[in-house]
Amino acid sequence: MFSTEAKKRNINHGHNSASHDRKKTTAWNTIEYDLYSIWLFTYSDLKTIVGPKTVFGIFNSLHASAFDLPCLQYSTALKRLPLVVFWTWINLLPFSIDNQRQPEAIREDGVNKPWRPMPSQRLTPRQAKIWMLGLYPVAVMSSAYLGGLRQCLCLICLGFWYNDLGGADQNPLIRNLINSCGFLCYTSGAMEVAYGSWISLSPGSLLFRWFSVIAAVVLTTVHTQDMYDQAGDSLRGRWTVPLAMGDGPSKITIAIPMAFWSWFGPQFWALHIAAYILPVGLGLTIILRTLILRSVVDDKRTFQLWNLWVVVLYLLPLLSEQK
C-alpha cells in the first residue's frame, strides 16, 4: 500500500500535469487564434497581390531572355518559389494591418467585410498597431536578405501615404497612382527575389518600359475594384472614381483603357495575331460586364476577371521568344 505522503505526491503530480496540459492548450489556442487573424488580414488581397505577383516574378525570370537577361533555371525557380510567395506576403501584411486598423476602415469593413479582424473584434486597433510596427522591420530584414529591398522601402512609403496621410481617400487620381506604384513595386520586387540578384531598372531599358506599361495599365483601370465597394467607400468618406463621376461615366473610364491595353500589350511585344485572342477576348468580356451589369455581386466577379486579365498581360513576354 502507498503511504499517505506518496499518495499526496501522486495527487500533486496529477494536478501539476493537468495544469501544464491546460497551459500548453491555452498557448496553442493563442497561436492558432493569432495565425488565423493574420490570415484574415491578407485574405482579400491574395488574388490581387500575392498570387499574380508571384506568377509575374517566377515566369518572367524563367523567360528573362525577353529582357536580354540570363534565364532562371526551372530547378532554381522551383526552389525560390516559396521565397517569392513569402516576400510578397510579408510586404503586404503590415500594409494591410495599417490599412484595416484605421477608424474609417473599420466602419467600412463593418459593412463590406465584417469577418476581418477589426470589425469582428478579434484584435483592437492598438494591438493591430503593435503588430504593424513589429512586422515592418521583419519585411525590411527579409527583403535585405532575399532581395527587393528597394521595393520594400518604397512600399512602406506608399503605405504611409495611402493609409496615414489619406492618399487613398482624398483624390481618385492619387489613389490610382499609389495603387499603380504599389503594383510596380510588388512585380519588380517579386521578379528580383525570383531571379536571386539585383535587377537593373535603368530608364530606356526594355524591362523598365514593360514595367511602365504595367503601371499605366493599373493607373487607368484599377478602379474596377471600386465599383462594388461604393457603399463602404461612401460611408468612410473616400472619394473614388465611381463616387466622384457617377456609376455610368466611371464604367466608361474603365472600358476605354481596357480596350486599348488589351490590344497594346501584345502589340508591345510584336506578337503573332493568335497571341491577341486571350487578352483581347478576356478584355472584351470585362468591358461588356462593366457596361451592362449593375449588381454588387456582378461587379465583384468582374474585378476577379480583371485580376485574371492582368495576369494574362504579365505572361505576354513569355510568348515573345516564340513569335
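None of these values were measured; they are calculated from a predicted model. When a residue number appears, it is its place in the shown sequence, counting from 1.
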With a 3.5 Å distance limit and no angle check, can you tell me whether Tyr74 reaches the backbone of Leu62 through a side-chain donor-acceptor pair? no
Just so I know, are the side chains of Cys152 and Ile156 near enough to count as touching, which here means a heavy-atom distance under 4.5 Å? yes
So how far is it from Thr124 OG1 to Met118 CE, rounded to the nearest 0.5 Å? 6.5 Å
Take Tyr314 and Val55 through the test side chain to side chain contact (heavy atoms under 4.5 Å, CB included) and record every step on the way to the result. CA-CA 8 Å; Tyr314 286 170; Val55 168; 5.5 Å; no
Donor-acceptor under 3.5 Å (Ser205 side chain, Phe208 main chain): yes
For the residue pair Phe264 and Phe260, does the interplanar ring angle fall in the parallel (under 30°), tilted (30 to 60°) or perpendicular (over 60°) class? parallel
Donor-acceptor check, side chain of Tyr195 to backbone of Pro70, threshold 3.5 angstrom: yes or no? yes
Side-chain donor or acceptor of Ser262 paired with backbone N/O of Ala259 under 3.5 Å: no
Working note: Asp226 + Arg238, criterion salt bridge (charged side-chain N to carboxylate O under 4.0 Å, His left out); need CA distance, chi angles, decisive distance, verdict. CA-CA 10 Å; Asp226 296 325; Arg238 171 175 283 169; 5.9 Å; no
Indicate yes or no for a side-chain donor-acceptor contact from Asp298 to the backbone of Arg289 under 3.5 Å, with no hydrogens or angles considered. no
Atom pair NZ (Lys129) and CG (Leu123), whose distance is rounded to the nearest 0.5 Å: 15.0 Å
Asp45 and Lys53 ion-paired at < 4.0 Å: no
Spell out, as yes or no, whether a donor-acceptor pair under 3.5 Å connects the side chain of Lys251 to the backbone of Thr290. yes
Parallel, tilted or perpendicular: which one describes the rings of Trp39 and Tyr43, with boundaries at 30° and 60°? tilted
When you measure from the side chain of Trp87 to the backbone of Gly147, do you find a donor-acceptor pair of N or O atoms at a distance under 3.5 Å? yes
Check this for me: Arg150, atom CZ, are more than 12 non-hydrogen atoms of other residues, nucleotides or ligands nearer than 6.0 Å? yes
Under 3.5 Å donor-acceptor, Gln230 side chain and Met227 backbone: yes
I'd like to know whether Phe56 forms a ring pair (Phe, Tyr, Trp, His ring centres under 6.0 Å) with Phe211, so could you lay out the CA-CA distance, the side-chain angles of the two residues, the decisive distance to 0.1 Å, and finally the verdict. CA-CA 11 Å; Phe56 181 95; Phe211 279 131; 5.6 Å; yes
Would you say Met141 and Trp198 are hydrophobically clustered, going by side-chain heavy atoms of ILVMFWY under 4.5 Å? no
Counting distance only, does the side-chain N/O of Ser320 pair as donor-acceptor with the main-chain N or O of Pro317 below 3.5 Å? yes
Can you say whether the rings of Trp269 and Trp210 are parallel (under 30°), tilted (30 to 60°) or perpendicular (over 60°)? perpendicular
Nearest 0.5 Å, please: how far is CG in Asp229 from OG1 in Thr240? 8.0 Å
Ring centroid separation for Phe41 and Trp131, is it under 6.0 angstrom? no
Closest non-hydrogen atoms of Ser250 and His223, given as atom of the first, atom of the second and distance, are O-NE2, 4.1 Å
Thr221 and Trp261: side chain donor to acceptor below 3.5 Å: no
